Structure formats: structure tokens, C-alpha cells
Amino acid sequence: MVRNSNWKDKWTYFKNELPHQTAPFSKKNWGNINHSLCSYQGKLKPSIAYYLVKTFVPSNGRLFDPFAGVGTIPFEGALNGVESFGMDISNMCYYISQAKVGMTNKSKAIEYIERLNNYIKTNINNIGDLMKYSSFGLNKSLLDYYEINTFKEILLARLFFLQNKPQNASEMVVISSLLHILHGNRPYALSRKSHPITPYAPTGDFIYKDLISKLKEKVNKYFSQTLPGTFVPGKIFLQDSTSVWPQEVDNLDAIITSPPFYDSTRFYSANWIRLWFSGWEPDDFKIMPQLYVDERQKKDFEVYNPIFNQAKERIKNGGVVVFHLGKSKKCNMGEILKTLSRRWFNHSELFVESVVHCNKFGIKDLGTVTDHQYLLLY
């Protein structure tokens with residue numbers, strides 16, 4: 001195995017300089033525009049992911065993120081010539097992250113949109129029992145968010161994707177783009193005025209928004225960004241990170257990940273419309289969250305033990321495991337996980353970065369996180 005011996009000097013530079021806090025990396029829109037393929041509350045800043053990849057993964061190296069979310073870390077790896085793997089338990093996140101790290105083709109995406117368009121046109125006058133979802137919602141009902149004809153198109157689009165699941169990155173660009181435009185406060189959104197990240201109760205007039213035309217605009221924006229010559233396609237796995245990892249996730253230079261913060265906003269309430277569109281039924285909102293580490297860690301942080309165990313097995317000699325964590329008044333995640341990890345790792349370091357200065361991005365409730373922590377295990 002090749003030893004990755006250069007990261008310690010780079011890590012010292014990161015701690016001393018905090019380069020992601022300086023211009024232009026400090027700008028919230030820094031980086032490839034497809035980091036914003038679909039908005040997501042709690043998404044790691046691309047500039048942090050960029051510097052973590054540059055610090056801990058050598059050129060032509062191998063990277064894994066077991067809590068990939070919407071793919072920020074694997075995407076930065078792929079953009080910078082790193083063979084990147086990711087994993088997430090959520091269909092929604094799986095689609096978005098694979099759309100970012102996979103090789104995509106615009107003609108395949110447009111073909112998928114045309115299939116969707118034909119499906120909607122064929123069935124628009126035969127909604128059947130799909131209107132049963134009208135009254136479902138966690139704050140307001142779904143029907144409160146949309147003009148009735150737009151809502152019918154959304155109902156049919158959801159059924160189309162459930163019956164014709166995206167099979168490649170190009171098709172995942174389409175569903176990811178639609179997930180993004182489901183709600184928001186700008187003209188691209190299919191909803192009444194809400195919020196592009198957390199769907200706050202909508203306001204304003206009920207205005208018809210044509211789903212297909214809005215979708216094409218978003219997909220065209222995705223394909224307007226040319227990938228750099230350094231891009232290396234990656235792979236995302238749809239599974240629970242505490243279960244057995246695929247065999248090909250091995251011989252890793254680094255595992256870099258940002259698991260859900262203990263005090264973060266509940267993912268299922270912050271993303272409820274997108275989770276519903278991706279396949280969750282109303283009853284799933286009572287059951288599915290209990291399978292996610294977000295909720296499991298509130299009962300016992302030993303949920304991370306199988307992750308530590310497999311991380312130790314899969315990294316190269318000289319490799320490193322990096323956790324980007326959130327510290328709050330209620331929970332010091334870094335210290336807890338550092339203690340738990342001693343069974344598998346002989347060396348650890350915990351670096352703390354204050355984030356009280358960070359922008360709020362118009363969100364009323366960002367939780368109680370006051371510091372970001374970087375836990376290194378090796």
C-alpha cells in the first residue's frame with residue numbers, strides 16, 4: 001500500500017490559516033455551480049470540502065464519504081482528480097450526489113424529460129386517487145403550496161419517477177433538478193413563495209407553473225457548467241453507513257465525512273416535500289427517521305462503532321479518517337467520538353473552529369451549533 005505521508009504539513013497550514021474563510025473561498029457561492037444542483041439544509045460549504053480533499057487526499061488518490069448527503073465532499077474529490085465514493089441512506093441524497101459525481105449526457109437527460117412530459121400529458125385527466133395527498137403536510141398541506149394544475153403535474157411526476165426510477169447519472173440530474181424547484185422564493189420554484197431549503201408555510205397568490213418548462217430550465221443550467229479536465233467519475237451507494245460497506249470501498253487514502261450534527265434541524269421536517277416526492281408515504285415520516293443516524297445517535301453514540309471498525313479496515317497505511325462535526329451547548333460530538341474511537345485508532349486530534357460569525361442564509365432555525373470540530377483518526 002502507498003503511504004500518504006504529506007497530509008500532516010498541509011493540516012498544519014489548514015489550522016493556522018483557515019483558508020476556506022478567506023476570499024474568494026469564503027463566498028457562499030464559491031465553487032462549481034452544480035454544488036447547488038439541489039438546495040439542502042446543513043450542506044457542507046464546498047470550500048471546506050475542497051480544502052479537506054486537498055489536505056488529506058494525494059493526487060490520483062481514493063476517497064470515501066459514508067455520510068455523503070448531497071455529495072459535496074465526493075464532488076469536490078471528483079473535480080480534483082480523486083476517485084471518490086459516497087454513501088447515503090436517503091433516496092433523495094443518493095440521486096443528487098450521483099448526479100454530481102457521475103458522467104452525464106444531456107441528450108439522455110432530455111430524453112428522460114420527454115418521457116416524463118408524455119406521461120403527464122397522457123394521464124393529466126386521470127389523476128385517480130393521487131389527490132389523496134392533498135391534505136398531507138408537516139406544516140401546511142401540499143395543496144397549500146401549489147396551484148391545482150401544477151399540483152396535478154407534480155403528483156404525476158412523482159408517480160412517474162416511482163415507476164421509472166432513474167438508472168444513471170443523467171436521469172438523476174433530472175429528478176434532482178425537479179427536487180430543487182419543488183419549492184422556493186424565486187421564479188424558478190413550482191410552489192407559492194416559500195423557501196428553497198426549508199419549506200416554510202407558503203405565501204402569495206396561487207399561480208400555475210408549468211413543470212416541464214421549469215424543469216428544462218434547471219437541467220439546462222446544470223449542463224451549462226463544463227467539467228474540468230481533472231474530473232474523475234465517482235460512485236455513490238444507497239445504503240445505511242452503519243451496515244457492511246461494499247467491497248470496492250477499500251484501499252482508501254482518506255475517509256472524509258460530515259455526519260449529521262447532534263443539534264441540527266431534523267432532516268425529515270426540513271426536507272419533507274422532497275422526501276415525499278422521492279417516495280416517502282405519510283406514515284414513513286413516523287417510521288423512517290428512526291433508521292437514520294440523525295435520530296439513532298441521540299440514543300447512543302455507539303451507532304458509530306461499525307463505522308470506526310470498517311474505517312480502520314479500509315484505509316491505507318498512513319491514511320486518515322476526518323470527521324467534520326458540530327459542537328453545541330448540549331453536545332460535544334468531537335470529544336464523544338474521539339473517546340469511542342480509541343478502540344480502533346491509536347492516534348487522534350480534535351481541532352475546533354468557531355462558526356458564530358457565519359451567515360444565516362435567511363433560515364430562522366439553524367440549531368445551536370457554535371463550533372465546527374475536525375476530528376482526525378489515524
Side-chain angles (χ1 to χ4, degrees), residues 27-50 65 67-76 86 88 90-101 137-140 142 145-146 154 157-158 161 166 172-204 209 211 214-225 236 258 260-261 264-278 280 294 358-367 369:
K27 296 180 179 180
K28 67 180 181 180
N29 62 347
W30 177 87
N32 189 290
I33 65 169
N34 288 332
H35 273 298
S36 299
L37 174 59
C38 184
S39 52
Y40 187 76
Q41 188 164 333
K43 182 181 73 175
L44 182 68
K45 286 181 62 177
S47 59
I48 297 178
Y50 169 81
D65 180 356
F67 293 98
V70 292
T72 304
I73 293 171
F75 188 39
E76 272 303 314
D88 206 276
S90 164
N91 271 325
M92 175 184 72
C93 292
Y94 168 64
Y95 294 145
I96 298 166
S97 53
Q98 187 60 60
K100 292 178 181 179
V101 306
L138 297 193
N139 46 7
K140 294 290 186 177
L142 282 169
Y145 279 84
Y146 305 102
I154 290 170
R158 178 180 184 267
F161 288 119
M172 292 182 193
V173 169
V174 175
I175 190 170
S176 300
S177 297
L178 186 44
L179 288 169
H180 178 72
I181 66 174
L182 276 177
H183 51 77
N185 55 9
R186 295 182 182 178
Y188 66 73
L190 296 174
S191 69
R192 298 164 65 204
K193 185 176 181 180
S194 176
H195 198 284
I197 299 178
T198 299
Y200 292 135
T203 59
K209 309 283 186 68
L211 183 148
K214 296 290 185 183
L215 177 58
K216 285 182 176 179
E217 288 177 10
K218 177 62 178 175
V219 170
N220 285 334
K221 184 176 181 180
Y222 170 92
F223 284 103
S224 70
Q225 178 74 64
I236 308 297
S258 185
F261 295 174
S264 62
T265 302
R266 287 182 171 86
F267 79 98
Y268 52 90
S269 58
N271 298 285
W272 71 268
I273 293 180
R274 291 172 179 151
L275 287 168
W276 165 79
F277 190 87
S278 299
W280 280 28
D294 309 52
C358 289
N359 292 326
K360 300 302 182 183
F361 304 116
I363 302 296
K364 300 174 183 176
D365 179 14
L366 287 179
V369 172

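Remember, predicted model here, so these are calculated numbers, not experimental data.
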Apply side chain to side chain donor-acceptor pair (under 3.5 Å) to the pair R186 and Y188, showing each step before the final yes or no.
CA-CA 6 Å; R186 295 182 182 178; Y188 66 73; 5.5 Å; no

Quick one, Y146 with R192, criterion side-chain contact (heavy atoms from CB on, under 4.5 Å). Give me CA distance, side-chain angles, the key distance, then yes/no.
CA-CA 6 Å; Y146 305 102; R192 298 164 65 204; over 6 Å; no

Within-4.5 Å side-chain heavy-atom neighbours: [X] and [Y]:
X	Y	result
S278	L179	yes
K140	P202	yes
S194	N185	no
I73	F67	no
T72	H35	yes
P46	N32	no
S97	V70	no
F161	V174	yes

Going by side chain to side chain contact (heavy atoms under 4.5 Å, CB included), C38 matches just one of M92, K43, H180. Which one?
H180

Do the side-chain N and O atoms of N139 and Y145 include a donor-acceptor pair separated by under 3.5 angstrom?
yes

Under 3.5 Å, is there a donor-acceptor pair linking the side chains of R274 and S176?
no

When you measure from the side chain of [X] to the backbone N and O of [Y], does any donor-acceptor pair fall under 3.5 Å?
X	Y	result
K214	I181	no
K28	K45	no
Y222	A99	yes
T198	Y200	no
H195	G184	no

At what distance, to the nearest 0.5 angstrom, does [atom1] of [X] lie from [atom2] of [Y]?
X	Y	atom1	atom2	result
T203	K193	OG1	NZ	5.5 Å
M172	N91	CE	CG	9.0 Å
F223	K218	CZ	NZ	12.0 Å
I48	S258	CD1	OG	8.0 Å

Salt bridge (Lys or Arg N to Asp or Glu O under 4.0 Å) partners for K216, two or more places apart:
E114

May I ask you to check whether over 12 heavy atoms, not counting those of K221, lie within 6.0 Å of atom NZ?
no

Closest heavy-atom pair and its distance - [X], [Y]:
X	Y	answer
K100	N34	CE-O, 3.1 Å
W276	R158	O-NE, 2.7 Å
L182	S191	O-CB, 3.5 Å
I96	L37	O-CD2, 3.9 Å
C93	G69	CB-O, 3.1 Å
S177	L215	CB-CD1, 3.8 Å

By ring pair (Phe, Tyr, Trp, His ring centres under 6.0 Å), Y40 pairs with (sequence neighbours left out) none

Start with the C-alpha distance between F267 and L275, add both sets of side-chain angles, then the distance that settles side-chain contact (heavy atoms from CB on, under 4.5 Å), and finish with yes or no.
CA-CA 10 Å; F267 79 98; L275 287 168; 4.1 Å; yes

Centroid separation Y268 to W280 less than 6.0 Å
no

